[in-house]
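Structure first, commentary second.
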Amino acid sequence: MRKQAAIPSPEDALEIVVGGTSRVVGEAYFRALVKHLARALGYRLALVGVLERGEVERIKTIAVWVGDDYAENFVYDLGGTPCENVISKQVCSYPVDVQRQFPSDELLVEMNIHAYLGAPIVSSADRALGLVAVLDVVPTPERAHARWILRSCADRAAAEFERIEAEAALRTSEARYAVAVAGSSVGIWDWDCSSDHVFYSKRYRELLGYDSTDEFPNTLAAWISRAHPVDLERTSAALEGHIVRREPFDLQYRMRNRDGEYRWYRSRGQAFWDEDGVPTRMAGALIDINELVIATQEREQLIGELEHKNAELERFVYTVSHELKSPLVTIEGFVGHLRGDLEQGAHERVEGDIGHISHAVKRMQQLLEGITTLARLGRIVGELEPLELDALVEDARALVSGQADGEAIEIAVVRGPLPRAFGDRVRVLEVLQNLLENAIKFSRDATVRRVEISAARAGDEIELRVRDFGRGVEPEFRTRVFQLFEQLDPSCEGSGIGLAIAKRVVEMHGGRIWCESPARGEGCCFCFTLPAGGELVGGPS
C-alpha cells in the first residue's frame, strides 16, 4: 500500500485541471487531462477511453497516467467492469473494495485497484463516446467536489471528441472536392478587349446551368449582369488592375446561375498587349469552388464557436471556483469554532456552530445543483412542440401559488387570450416559474402587491412579460442580473443561478431575454421571446 499525497483543496483542484488543459487540443489535451486530473483529485491512476462497439463492447484507452508517468494504452472488454455502469451515462463511485464488487474484472485484480470513480463522455446528441476515470491502489474516500470536476472534464472531453470528428469530416470533404475538380474540366473564356465580344466555352455555360448561346450570349454584358452586385465592384477593380498595372488576375466571386442561385467561382486570366501597350485580348478559366468556400466558412465558424466555448468554459470554471470557496471557508471556520466549543464544554454554542455549517452545506448543494443544470442544458432542451400559453401560465401560477398566497400577492394574466408558441414545455415552464418566484420575492414590500403576466405576437416571435411593482432594477444591473451568481440583494434566498439558466433556455430556443425597469421603486418587467406557433387560442382570462 502506498502512502497518499496531500489532497488539493477544491479550488486548487479546479485550477490544476483548467490550468493544465486549457491551452492544448487533440491527443495532447487527453494526455494533459489524465496527468492533471490524477493530481487534482489525489488518485494514482487516471485514464480516458473510447467506446468501441461490436459483438463485444470494448474500451480503448487513448491516454493513461500511472503514478508519475504515462503508461501504454490498452483495450479491455466492458462486461463485468465498473466502466460498464459508467457507459450507461452515469457517474459511478466505488471508494473501497471495488474488486469485491466486480470479481470478474481481471484488470482490477492485476492492477490491485481498490478505489474507482468514473464519468461518461456523452456527445451533444446524447450518444456515449467513452469515459474518463480515476483509480487508486488504496481505498480513497470520495471528496464532495470530485464528482463535479470529473463530470466537467467529461463534458470538455466530449467537446474535444466532436471537434476532432468535425475536422476529420471536413478533411474528407475537401479531399473529395479536390478529386472531383481534378477529374472535371474547367470553363474557358476569351475576351476581345476592343469589343464587347467574349467567347464562353460549352463547359463555362454548363457551370452556370446554361446550355446555349441564346440563354448566355457571347458578350461581356452577359457576365456583368450575372455577377453578384456586392462582388462586381471588387471584380471590376481587379480586372482594371490587371489590364492597366498588369497585376495578377486570380479572383473569387459569386455569379447567379440559371436557377437564380448565387454560387462561388474562381476565375484566373491573362491579358495580351500590343507593342504600344494596349490590351488586345484576355483569356482565362472558370472553376466552381462553391462547396470549398462553404466548407471553409463552416470550418471557420466551427473554430470560432469552439474558441468561444473554451473561453466561456474557462470563465465558468473560474466563477464556480470563486463561488464554491465562500461556503467552504464558512465550513472550515465553524468547524474550528465547533472544535473549540467542544473542548471548552460550551455546549450552548455547539448547536449554532452546526447550524452555520449546515447552512453552508445547503448553499453549496444549491450551487452544485444549479451549476449541473446549467452545464447540461445543451443536451436537455428537447424538441419544440406547440405550446398553449394559457394552460402553461396556469401551471406556472399553480406552482408558485403557495408563495404568492403566503405573501398576499395577486398573480394576474392581462391582455388575454394568450397566443400559441413553440418550445420545450418543461423548460419554458421552468423559466416562467423562475420569473414568477423572483417577482413575488421582490413584491413583498411593494405598495401594489400584484404580479402581471402578458404575451403578444411580434412578427415570428411571441413576447412574454412578467411584471412586478416592487423596487425595480437599476440600469447598471439590467444586463448583469443574467450573469452567473449575480444577485441584486445578497441577503435574499437563492443561488444566483436561476436567471442564468433562464437566459440559456431562452437562447437555446432562438429567443432573447431582457429586463425593463422604469425607475427606482416603480417595479420591473422581465421579457423573453419564443418562436410563434399560430393564431390566438384559448378563452378570455
Side-chain angles (χ1 to χ4, degrees), residues 166 169-305 459-460:
L170 183 59
R171 286 193 296 269
T172 300
S173 176
E174 290 177 336
R176 288 173 178 167
Y177 172 80
V179 171
V181 170
S184 66
S185 59
V186 297
I188 304 299
W189 52 273
D190 192 341
W191 173 35
D192 180 357
C193 296
S194 62
S195 70
D196 184 47
H197 183 271
V198 183
F199 166 77
Y200 300 106
S201 70
K202 179 182 178 181
R203 181 56 179 159
Y204 187 104
R205 289 188 173 85
E206 289 175 349
L207 290 174
L208 295 168
Y210 299 99
D211 54 15
S212 71
T213 56
D214 293 335
E215 295 179 307
F216 197 101
N218 286 320
T219 64
L220 186 62
W223 174 83
I224 292 175
S225 65
R226 290 167 177 80
H228 195 291
V230 175
D231 300 335
L232 185 58
E233 182 178 353
R234 176 172 54 87
T235 307
S236 299
L239 187 62
E240 181 183 358
H242 178 68
I243 291 176
V244 176
R245 296 181 295 277
R246 305 196 180 190
E247 298 169 349
F249 183 81
D250 187 347
L251 198 64
Q252 297 180 11
Y253 54 84
R254 289 162 288 182
M255 290 189 68
R256 188 179 69 252
N257 287 358
R258 182 182 183 182
D259 59 7
E261 175 192 3
Y262 281 99
R263 293 179 64 85
W264 282 96
Y265 298 89
R266 180 183 181 186
S267 186
R268 303 178 66 182
Q270 177 62 52
F272 300 90
W273 297 266
D274 61 17
E275 57 187 13
D276 296 324
V278 177
T280 59
R281 176 184 174 194
M282 184 174 178
L286 184 78
I287 301 174
D288 187 333
I289 60 168
N290 195 67
E291 302 304 326
L292 180 61
V293 170
I294 291 176
T296 301
Q297 291 173 343
E298 290 176 348
R299 177 174 61 183
E300 291 174 353
Q301 181 180 355
L302 176 61
I303 291 173
E305 290 174 353
D460 295 331

Quiz item: Is a side-chain N or O of R226 found less than 3.5 angstrom from the main chain of A222, in a donor-acceptor match?
Solution: yes
Exercise. Side-chain contact test, heavy atoms from C-beta onward, threshold under 4.5 Å: evaluate it for M255 versus L207 and give yes or no.
Key: no
Self-check item: Donor-acceptor contact below 3.5 Å, side chain N290 vs main chain W264
Solution: yes
Quiz item: Does the side chain of T296 reach to within under 4.5 Å of the side chain of L292, using non-hydrogen atoms?
Solution: yes
Quiz item: Thinking salt bridges, do E291 and R263 make one under a 4.0 Å N-O criterion?
Solution: yes
Exercise. Applying ring-ring contact (aromatic ring centres under 6.0 Å, His included) between Y200 and each of Y210, W223, F216, report the one that passes.
Key: F216
Quiz prompt | Minimum-distance pair of heavy atoms, taken over all atoms of R256 and L208 | solution = O-CD2, 4.5 Å
Quiz item: Is any side-chain heavy atom of L251 closer than 4.5 Å to a side-chain heavy atom of S267?
Solution: no
Quiz item: In terms of ring plane angle, is the pair F249 and W189 parallel, tilted or perpendicular, where the classes change at 30° and 60°?
Solution: perpendicular
Quiz item: Are any side-chain N or O atoms of N257 and backbone N or O atoms of D259, one a donor and one an acceptor, separated by less than 3.5 Å?
Solution: no
Quiz item: How far apart are the closest heavy atoms of N218 and T213, and which atoms are they?
Solution: ND2-CG2, 4.0 Å
Practice problem: Of all the heavy-atom pairs spanning Q252 and R234, show the shortest one and how long it is. | Solution: O-NH1, 3.0 Å
Quiz item: Is there side-chain contact between R254 and V230, with at least one heavy-atom pair below 4.5 Å?
Solution: yes
Quiz item: Which residue pairs satisfy the side chain to side chain donor-acceptor pair (under 3.5 Å) criterion with at least one member in residues 270-286, sequence neighbours excluded?
Solution: D190-R281
Practice problem: Check for a donor-acceptor pair, side chain of D196 on one end and backbone N or O of L220 on the other, with a separation under 3.5 Å. | Solution: yes
Quiz item: What are the two closest heavy atoms between P279 and C193, and how far apart are they?
Solution: O-CB, 3.6 Å
Self-check item: Close side-chain approach of D231 and Y262, heavy atoms under 4.5 Å
Solution: no
Quiz item: Are R205 and D211 within salt-bridge range, i.e. N to O under 4.0 Å?
Solution: no
